[in-house]
Amino acid sequence: MTACAGIQPVQPWEKGTLAKAEMTFEGDPLDNNFTEHIYFSKEGASGGSGVGGGGCGCN
Amino acid sequence: MAGSLPRNRFLLTLIVLSGMHFGNIVFAQDHDFSASAEGSENQAPDFDLPGKQVNVKLSNSQGKLVYLDFWASWCGPCRQSFPWMNTIQEKYRSQGFEVIAVNLDAQHEDAQKFLATTPAKFTVAFDSQGQTPRQYGVKGMPTSYLIGRDGKIIARHTGFSAADRDKLEQKIQTSLETPQ
């Protein structure tokens with residue numbers, strides 16, 4: 001349990017593997033766009049669907 | 001509760017100890033985070049990294065206005081920023097302006113593949129260990145720093161989009177005109 005204290009948070013430049021297309025949930029980009037637009041217009045929600053496309057990983 | 005007292009006490013101790021270590025994980029920010037980027041001096045940390053042909057040192061560009069950009073092959077906006085960085089490098093080179101783009105790919109081949117399709121007509125350095133972005137306190141990809149002729153950080157910009165281009169170019173123009 002004390003070894004867990006050595007875990008470092010992931011840095012923004014270490015997200016290369018996470019940025020790959022296989023790491024997102026959606027298969028079809030157009031379908032994904034529709035879904036994200038609906039979430040944005042209905043909830044004001046944005047981001048979280050994948051690193052790399054948004055760049056900073058925040059949106 | 002149905003459980004016997006000794007067992008509950010053990011569970012309770014376990015939970016309390018986990019909580020203590022949880023605090024250590026959550027609040028243990030990188031200890032080697034140097035305050036130089038936002039510190040009292042504001043001096044841009046120097047580096048010595050491998051480049052396309054020769055090593056790239058920030059101190060070699062003293063006296064020039066430097067646009068230091070941290071990028072990676074997997075970052076979408078980085079791909080968009082390269083043509084723009086090519087343009088501004090050419091446009092302001094004669095005024096003592098230099099673009100230095102530091103690649104942060106863990107695998108060098110990924111960076112080379114990117115550069116084959118999206119060429120860079122400016123200085124590129126390679127930091128696969130991620131030491132330089134740590135020193136600069138990079139919080140997102142891409143992040144660019146405008147460093148003055150005296151080596152002090154003028155501005156930092158996280159992310160890149162078409163809307164950012166004009167704003168960034170204006171900042172560069174203003175900084176080039178300011179005597180230092």
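So that the names make sense, note that chain A is the first sequence line, chain B the second, and so on, each numbered from 1.
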* Asked: Does a donor on one side chain sit under 3.5 Å from an acceptor on the other, for B:Glu169 and B:Tyr92?
  -> yes

* For salt bridge (Lys or Arg N to Asp or Glu O under 4.0 Å), just list the numbers for B:Arg134 and A:Glu14, CA-CA rounded to whole Å, side-chain angles, deciding distance to a tenth of an Å, and then say yes or no. => CA-CA 11 Å; B:Arg134 219 176 281 268; A:Glu14 290 170 348; 3.7 Å; yes

* **Interface residues of residues 104-133 of chain B facing chain A - heavy atom cut-off under 4.5 Å** => B:Leu104, B:Gly130, B:Pro133

* B:Gly137 backbone acceptor or donor facing B:Arg156 side chain under 3.5 Å -> yes

* To do: Would you confirm whether B:Tyr145, through its side chain, and B:Tyr136, through its main-chain N or O, come within 3.5 Å as a donor-acceptor pair?
  => yes

* Asked: Looking at B:Ser175 and B:Leu146, what are the two nearest heavy atoms and their distance?
  -> OG-CD2, 3.5 Å

* Asked: Between B:Tyr67 and B:Trp84, is the ring centre distance below 6.0 Å?
  -> yes

